[in-house]
Amino acid sequence: MKKKTIIFMLIMSLMAGMLVACGKSSDDVVNTEAGRTTLIVGFDAEFKPYGYKDENGEYVGFDLDLAEEVCERNGWNLVKQPIDWASKDMELNSNSIDCIWNGFTLNGRETDYTWTDAYVDNSQVVVVKSNSGIRELTDLADKNVIVQADSSALAALAGEDASEDNKALRSTFKELQQVGDYNSAFMNLEAGAADAICMDIGVAKYEIEARGNDFMMLPDTISSEEYGVGFKLGNTSLRDAVLETLYEMVEDGTYAQISDKWDLSDFACLGNEGTSTAKELDAMAATTKDESFLEKFADIAGQLLSGVGASLLIFILTLCFSLPLGLLICAGRRSKIKPVAWLVKFYISIMRGTPLMLQLLVVFFGPFYVFGWSLSTSYRFYAVIIGFTLNYAAYFAEIYRSGVEAVPVGQHEAAQVLGYTKIQTFWKVTFPQMVKHVMPPVTNEVITLVKDTSLAFVLAYTEMFTLAKQVAASQASIMPLFIAGLFYYIFNYVVAFIMERIEKKLAYYK
Amino acid sequence: MSILEINKLKKSFDGIEVLKDISLKVKEGEVVSIIGPSGSGKSTLLRCATLLEKMDEGSLLYCDEVAVKDVGGATIYAPKNELRHIKEYFGLVFQNYNLFPHLSVMKNICDAPISVQKRDKEEVKQEAERLLEKMGLEDKKEAYPFQLSGGQRQRVAIARALAMNPKMLFFDEPTSALDPELTQEVLKVLKDLAKDKMTMVIVTHEIEFARNISDRVIFMDGGVIIEEGTPSEVIENPSNERTKSFLTKMKV
């Protein structure tokens, strides 16, 4: 026990050390621009028309065209690096990418990055189904509205700096949900799980054009915001080089030409009067005060705690349903009725052979895409539990099966001769021995489940890890992710402790 | 009245006939030993008689109640509830004891009488204590099987079978897994049972023991009964060549 405590303390201090390291903002800038040969641009590959994957599998878009031109003029090689939007800060801070150039809203993030001048003036609009009857913002009362996690729309409606008008509007919604990307936002809208999407105007125009007449944009916009190219805080030399080239492109008309190509002329604003400039933004960044490490830690931990309950709920409900269901499936798998055994075997192979994430999507969206049933919002949570339960029950069933088969045949024969019925034999003889056999693999699965709860994010169910990613994005810090890791570790430490106790309890016989 | 009656029993595994036309009657209080080389079908005979293995042909009766009927080369088993009743007539002691490892000695013995025969808990417990005393294991009541020696385990297994109050007991090589000295303590229990006029069918390799304890000895080989009679007839003066050669080998 003592040894374990020491190891535990060691790991804790290690993690704390990493957190301190993360908390420090980086003032060492690596690249001097003279020797630069490449520019690595990070972008979310699903953000049309700024940067996305087209039908031919190429990464294209307005921002990437601009970047291409800038690189050409500087003699750099452009590397298009698709990133997970939630980890953009880690990518940037670790120098895996040089900048985020992807319809990146600078409002609200002024002090988190070193920015170029604003080059796109963007507004948030609301997209609804054409036949929904929603025609203006007031129609959104009591409706489910969906936004991309950590998007400008979310910040505009529910962020710290949201305007009073927007806050009032948000309070009329039935619910404001978050999804990982626009594709699933449209899937939610199509399936009836959401009534409206709030998103960037440029993206909305593009998506509606691509998807046809089923969707429309409401005429009223929500708030105005600006896009800039974001560099690691302090990396002014690279920013200056890029910005200078951009202004050259404005001068000779290339900038306007590229804006036209992507139908964004109305929004392109580089050099316009009244837009944010790098100078102003640098000044804002210089005046921010540092929060102490402990304050920051406590603040983030507090925010994550609200997600712990959700993760715990998934964990407990999944175990409550999948542990017994696994027994039933195990019985089916061992059934003497051949079609039943085959069917169950097929089910298990599907559950084990495909990603859990995909299964969750199928459980949630399946009823709509297969049967055309419209989805209710509360189904989101049920879908998470059903998906997890079906998947874990399949794994438990196979573990149980190995446990049942490890019970010697002589045990069944002894029970049979003593006159036990089949049901008595199972519960009195097979089951207790099976439980002992399966404890180590079941512990493994349970621990995996703790971590798998984070997959609920694909159904926009806000559990702890989703929350951590959102907080990380909004604070431009990776500390929330480490704190989330700490939570998972403690969670699993408790789980392992309990399972160990149970195993010890079962060690009364050999 | 015969406790056990087997008529024209046949049994094959994957087309290989293991038992060819076996008939056997055991009277109340009789002790019958079955000897013979490995693979002669002794154990299969016991497993068919205890309903662990399905008979292909022939009939099986306990106390004149039909468990298995022969209908022109096929078998019909009695309905479930009748079989459950018939199962109470006999008990079986395995070579590997097959005690329940997760239950204490006391629970191993008491559970089936309580949950299968629905007998009174207190009465069953008292009987179990009496049986353990008879087996010389009264201090092992709360022990778990893994804490016992092989001989002790086998004696618990015998007590477990006796707690069901069967009319007869089958023993499938009860001492084959034991050291010679542990063998003796189990054989002593069997002798005591024989003295108490317990009806028993014992498959064994202990020729000496079979001679001492049995009213009748059966020699099996190749799935048939080659010779049967009193111990002096079969063991001391065998008439069949195969019996003779088997006994010679066993004496070496």
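Residue numbers start from 1 in every chain, and the chains themselves are labelled A, B, ... in the order their sequence lines are given, proteins ahead of strands.
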Review point. Quick check: are there more than 12 heavy atoms from other residues, nucleotides or ligands sitting under 6.0 Å from CZ of B/Phe13?
Key: yes
Assert top hit (heavy-atom pairs under 4.5 Å, partner chain A, pool B/Thr50, B/Leu92, B/Leu51, B/Asn98) equals B/Asn98
Check the angle between the aromatic planes of B/His102 and A/Tyr509 and answer parallel, tilted or perpendicular using the 30° and 60° thresholds.
tilted
Of B/Pro101, B/Gly91, B/Ala112, the largest count of non-hydrogen pairs under 4.5 angstrom with chain A goes to B/Pro101
Where the side chain of A/Lys510 meets the backbone of B/Tyr144, is there a donor-acceptor pair that is under 3.5 Å apart? no
Quiz prompt | More than 12 heavy atoms from other groups under 6.0 Å of CD1 on A/Ile316 | solution = yes
Quick check on B/Glu28: does its CD atom have over 12 non-hydrogen neighbours (other residues, nucleotides or ligands) under 6.0 Å away? no
So, the part of B/Ser115 with a heavy atom under 4.5 Å from chain A: the answer is both
Result for side chain to side chain contact (heavy atoms under 4.5 Å, CB included) between A/Lys428 and one of B/Leu103, B/Val116, B/Asp111 points to B/Asp111
CG (A/Leu418) and CZ (B/Arg160) are apart, to the nearest 0.5 Å, by 5.0 Å
So, do B/Arg84 and A/Thr421 sit near enough that their side-chain heavy atoms are less than 4.5 Å apart? yes
Worksheet entry | Residues A/Val417, B/Phe170; criterion side-chain contact (heavy atoms from CB on, under 4.5 Å); working and verdict | CA-CA 11 Å; A/Val417 172; B/Phe170 291 95; over 6 Å; no
Worksheet entry | B/Leu99 backbone acceptor or donor facing A/Gln411 side chain under 3.5 Å | yes
Nearest heavy-atom contact between A/Gln416 and B/Lys87 is O-NZ, 3.3 Å
